[in-house]
K.L.:
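I have a structure I would like to understand better, so I am pasting it below and will then ask my questions one at a time.
Proteins get letters first, then strands, A, B, ... in listed order; numbering begins at 1 in each.
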Amino acid sequence: MIEDELREVFADHEELAPPAAPLAEAIEEDYRRRRRRRLGLRAGAAAAAVVAVVAVPAVVVAMHRPAAGPSVAPLAGGTASAGAATDAPAGRPLTLVVALMTGGAPEAVGIAHVPASHDRAYLIALTGDDAAALGNEFHDGKVGPLTTALTRATGVTPDGMVLLTTAGLSTVVSSLDGIDACQQGGGCQHLTGESWLPYLRTNAATGGLASVGTGVLKGLAAITDPARLSRVLDGSGAMTLSLSADLPSHHDLSEALAGIRTVAGIVEPAGADRTELFQDLKTDRLDAYLAAHPG
Amino acid sequence: MPVTYEEFARTRLPALLRFAVMLTGDPHTAADIVQDTMVRAHLKWRQVSAAQSPEAYVRQMLTNAFLDWRRGSWLRRVVLRDRPVEPPPATDPAQESVERDRIWRLLAGLPRRQRAVLVLRYYEDLADADIAELLGCTVGTVRGYASRALATLRASAQSVQTSGGFDDRG
């Protein structure tokens, strides 16, 4: 009987349900934001108060859908083309916290930023005190404390969060037949599904997350077959949580991400440049910052 | 005494997530829809808690969110995904398990209302009259959806038996 089989099919797939605890945190955060907005306690300019984070000694650039010339200089990573680019819709900036998890604890934390131009993205690897502080906050798996700590440390108000496991990213790297991780002045290194994590750990202080992240994005951008791209990404097991009520709509957000042509990896600096970058991020001028700090 | 939102979320969120997975077939989309639904429920909790069954109320909100969900939602775009996640490969080599996995994939191809009816009927064990109320249609319409969905699944099963195998490409 097909009806009996259906009951068994549904029961068999209950295990696909994601864990409730992180989602409960995101729901609470989203609720608080929407409620504040309803009560008029949130400044209207909050939608523009997007990024902020950290500065940059080294810049690693990977190209995603190269098109109209980016103001950031392509470095050792070279370029990779993907399918036909569409005109990038301008809009509000977008900031996502990216947490790479190992066994429930963060292996690395970064920030992905899409500026208002919506034609590029920046992946910022947190490497110093910020990374340690955020890691400690996130150790219990709660999203709220992590985002609060991020805002306190950097002024960044994230719109969402992407959770990735090291196992999931290993699957992606293997599916890509490896990636090239590049660091300015350090050349490129080909990494496999087994070797990327040791590389990231060895280079944590110098932005291993940015190198690996841009390598992965470059590999994904080189895939022209949508079905294969989908299969590769299905292996990532990524979980994405929306934290912001300022987003006009999910659809607008998807439009913003669809227009991205260039991805730049940025490593958090230890010096005074941090403040400058912080300001440039808040004013959505990361391209100018990178032009002024080419490495 | 009306249940508080916090109590409701603490006790019912896992079940709502499972329900959303059955509707969407995709844990990522399920999480997105549940988040959106729960935030909206929280914002109007006074109204939700005054309902005869807050759980039924939220389940209706969730079902409607699924039916209205736009393709290409931001969640999929964030992970650059353009189609729902396939379930993990069956670890049980038995034919029975393979057959269930195949039915799960076939469910993904059904129209959303048909899939919703099957989930509400065979996962949530709701009566057709309750499903009709939830979907805002007649009992006859519910039975029509169920009938067409089951016919599709049966036809596919018959096709597999005839051909002696299952085409796993789709």
K.L.:
Would you mind reporting whether B:Phe8 and B:Val58 have side-chain heavy atoms less than 4.5 Å apart?
P.N.:
yes
K.L.:
With a 4.5 angstrom heavy-atom cut-off, is it the side chain or the backbone of B:Val39 that approaches chain A, or both, or neither?
P.N.:
both
K.L.:
Indicate whether the side chain of B:Tyr57 and that of B:Gln52 have a donor and an acceptor atom separated by less than 3.5 Å.
P.N.:
no
K.L.:
Would you check if the side chain of B:Asn64 reaches a backbone N or O of B:Gln60 as a donor-acceptor pair within less than 3.5 Å?
P.N.:
yes
K.L.:
For B:Leu107, is it the side chain, the backbone, both or neither that has a heavy atom under 4.5 Å from a heavy atom of chain A?
P.N.:
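Just the side chain, heavy atoms under 4.5 Å.
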K.L.:
Highest number of heavy-atom pairs under 4.5 Å with chain A: which of B:Arg121, B:Glu6, B:Met38, B:Arg18?
P.N.:
B:Arg18
K.L.:
Relative to chain A, which segment of B:Tyr5 carries a heavy atom at a distance below 4.5 Å: side chain, backbone, both, or neither?
P.N.:
side chain
K.L.:
Measure the acute angle between the ring planes of B:Tyr123 and A:Phe10, then classify it against the limits of 30° and 60° as parallel, tilted or perpendicular.
P.N.:
perpendicular
